[in-house]
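Since the model is a prediction, treat every value here as computed from it, not as a measurement.
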Amino acid sequence: MYEAFYGLTEKPFSIQPDPDFLFFGHRHSMAYAMLEYGIANRAGFTVVCGEIGCGKTTLVRHLLNNVDSDVLIGIVYNTHQKVDNLLNWIMLAFEQPYEGLSEIALFDAFQQFLISSYVAGRRVVLIVDEAQNLSPAALESLRMLSNINADKDQMLQVVLVGQPQLRELLRRPDLQQFFQRVAVDFFIPPLQPLEVVKYVEHRLKVAGRKETLFTQRAIELIAESSKGIPRSINILTDMVMVYGFSSGAEKIGVDLVNEVLRDRAEFGILG
């Protein structure tokens with residue numbers, strides 16, 4: 001809609017996770033380093049937490065694009081309290097047959113998959129997204145699967161990605177054995193105000209903008225209103241650009257941001 005008007009080749013503030021737009025603020029850089037470290041060092045469990053919309057999924061997508069060819073990754077997205085058999089979903093994630101198998105046969109099939117992958121020189125990494133939704137029983141199942149080892153080598157590495165509730169879940173007394181298996185953990189906080197400035201400029205540059213578009217005060221207000229959450233920044237900034245395009249504003253200042261905020265408060269469904 002506004003791309004050509006603002007000299008852009010694509011929308012800079014989509015809420016879809018796109019590794020091409022990944023902004024490496026200080027804490028996001030550290031989180032990614034922890035992910036890489038966990039995989040490279042065969043950590044049994046790696047845990048990355050952060051608020052909704054903080055960029056966890058985008059980091060994972062970037063990881064998928066940059067892992068070594070000897071790393072086989074499966075991702076489980078369907079995490080909820082009513083998952084009856086997590087191993088079925090894990091087998092599906094690695095494109096392994098699972099239908100019609102008994103619980104014992106399923107476990108044996110997964111164990112053979114890990115062994116064959118190990119013999120072939122491939123590391124198996126399971127990523128569980130939205131892991132805060134897992135039940136304690138499901139987490140215990142993951143812990144048991146992590147017991148499948150070859151001497152000193154970890155055959156299965158697990159990366160749990162989730163919202164802050166995941167930290168509280170893992171601190172439960174009945175999950176102490178699981179918590180002790182976590183070798184790498186990191187929490188991604190919201191972006192700091194100065195990082196929001198760089199974040200907005202970065203995404204505009206990736207989308208093709210060569211000149212400054214937002215005034216300093218406009219971005220400061222966006223940072224304040226979004227509380228530094230990347231997804232919230234994207235939603236607000238995208239709407240501000242729509243308003244700017246509609247009014248023919250070549251530069252976007254604080255007045256436009258205030259107008260959007262007022263209209264969202266008064267007319268927005270979510271207020």
Side-chain angles (χ1 to χ4, degrees), residues 1-32 48-62 129-130 132 161-165 187-271:
M1 180 178 183
Y2 53 65
E3 289 92 319
F5 182 76
Y6 284 121
L8 303 166
T9 57
E10 57 184 313
K11 287 187 65 175
F13 298 104
S14 169
I15 62 173
Q16 297 302 318
D18 187 343
D20 291 339
F21 282 90
L22 180 60
F23 171 73
F24 278 109
H26 174 64
R27 305 300 286 182
H28 283 76
S29 296
M30 289 296 297
Y32 187 74
V48 175
C49 296
E51 297 289 349
I52 297 173
C54 77
K56 302 182 296 295
T57 302
T58 307
L59 279 177
V60 169
R61 295 285 179 83
H62 185 70
D129 200 10
E130 300 295 346
Q132 76 280 350
V161 181
Q163 297 170 25
Q165 299 94 310
F187 182 82
I188 306 174
L191 296 175
Q192 295 296 313
L194 288 178
E195 288 184 308
V196 175
V197 175
K198 295 178 181 178
Y199 175 85
V200 171
E201 292 175 345
H202 167 76
R203 294 190 71 102
L204 286 169
K205 183 178 180 180
V206 172
R209 177 78 182 184
K210 295 181 172 59
E211 300 175 356
T212 301
L213 178 58
F214 288 79
T215 67
Q216 182 73 20
R217 180 64 189 121
I219 297 182
E220 288 174 357
L221 183 54
I222 289 172
E224 178 185 340
S225 302
S226 66
K227 296 180 172 57
I229 302 296
R231 185 181 299 166
S232 298
I233 295 170
N234 288 6
I235 292 171
L236 176 56
T237 307
D238 179 67
M239 187 55 61
V240 170
M241 292 181 71
V242 172
Y243 274 53
F245 168 72
S246 298
S247 62
E250 295 183 359
K251 295 283 185 179
I252 295 177
V254 69
D255 290 343
L256 269 174
V257 180
N258 274 320
E259 183 181 356
V260 171
L261 291 173
R262 285 195 302 269
D263 284 356
R264 288 178 67 183
E266 185 173 355
F267 305 112
I269 295 175
L270 302 178

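Atom NZ of Lys227 sits in a sparse spot, with 12 or fewer heavy atoms from other residues, nucleotides or ligands closer than 6.0 Å.
Pairs passing the salt bridge (Lys or Arg N to Asp or Glu O under 4.0 Å) check and including a residue from residues 13-25, sequence neighbours excluded, do not occur. Listed by first and then second residue, the ring-ring contact (aromatic ring centres under 6.0 Å, His included) pairs involving residues 218-237 amount to none (not counting sequence neighbours).
Taking 4.5 Å as the limit, some side-chain heavy atom of Val60 sits within range of a side-chain heavy atom of Val161. The shortest side-chain heavy-atom distance between Met241 and Pro12 falls under the 4.5 Å cut-off. Between Phe187 and Pro164 the shortest side-chain heavy-atom distance falls below 4.5 Å.
The ring pair (Phe, Tyr, Trp, His ring centres under 6.0 Å) check on Phe21 picks up nothing, with sequence neighbours excluded. With sequence neighbours left out, Tyr243 forms a side chain to side chain donor-acceptor pair (under 3.5 Å) with Asp263. Checked against salt bridge (Lys or Arg N to Asp or Glu O under 4.0 Å), Glu220 has the following partners two or more places apart in sequence or in another chain: Arg217. Partners of Pro17 by side chain to side chain contact (heavy atoms under 4.5 Å, CB included), not counting sequence neighbours, listed by chain and number: Thr57, Thr58, Arg61. Residues passing the ring pair (Phe, Tyr, Trp, His ring centres under 6.0 Å) test with His62 are Phe24, Tyr32, sequence neighbours excluded. For Phe245, the ring pair (Phe, Tyr, Trp, His ring centres under 6.0 Å) test picks out Phe5, with sequence neighbours left out. Legend: residues meeting side chain to side chain contact (heavy atoms under 4.5 Å, CB included) with Leu236, ordered by chain and number and at least two apart, are Ile222, Ser225, Val240, Val260, Leu261, Arg264. By the ring pair (Phe, Tyr, Trp, His ring centres under 6.0 Å) test, Phe214 is found to be paired with no residue, residues two or more places apart in sequence or in another chain being considered.
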Contacts under 3.5 angstrom, residues 194-201 side chains, donor-acceptor by atom type, not counting sequence neighbours:
from: Glu195; atom 1: OE1; to: Gln192; atom 2: N; distance (Å): 2.9
from: Glu195; atom 1: OE2; to: His26; atom 2: N; distance (Å): 3.0
from: Tyr199; atom 1: OH; to: Arg203; atom 2: NH1; distance (Å): 3.3
from: Tyr199; atom 1: OH; to: Asn234; atom 2: OD1; distance (Å): 2.7
from: Tyr199; atom 1: OH; to: Asn234; atom 2: ND2; distance (Å): 3.4

Throw together a table of side-chain donor-acceptor distances under 3.5 angstrom for residues 204-212, partners on residues two or more places apart or in other chains.
from: Arg209; atom 1: NE; to: Glu211; atom 2: O; distance (Å): 2.8
from: Arg209; atom 1: NH1; to: Tyr6; atom 2: O; distance (Å): 2.9
from: Arg209; atom 1: NH2; to: Thr212; atom 2: O; distance (Å): 3.4

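Scanning both residues, Lys56 and Gln163, for their nearest heavy atoms gives CE-N, 4.4 Å. Here the shortest heavy-atom pairing between His202 and Leu22 reads NE2-O, 3.1 Å. Here the closest heavy-atom approach between residue Leu59 and residue Ala31 is recorded as CD1-CB, 3.8 Å. The shortest non-hydrogen separation linking Gly253 to Ala218 is C-CB, 3.6 Å. Closest approach of Ser226 and Ile233 over heavy atoms only: OG-CG1, 3.1 Å. Of all heavy-atom pairs between Ile229 and Gly53, the closest is CG2-O, 3.5 Å.
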Before giving the answer on side chain to side chain contact (heavy atoms under 4.5 Å, CB included), spell out for Glu10 and Glu3 the whole-Å C-alpha distance, their side-chain angles and the decisive distance to 0.1 Å. CA-CA 6 Å; Glu10 57 184 313; Glu3 289 92 319; 5.6 Å; no
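Of the inter-residue distances, the one linking Ser232 atom OG with Glu51 atom CD reads 10.0 Å to the nearest 0.5 angstrom.
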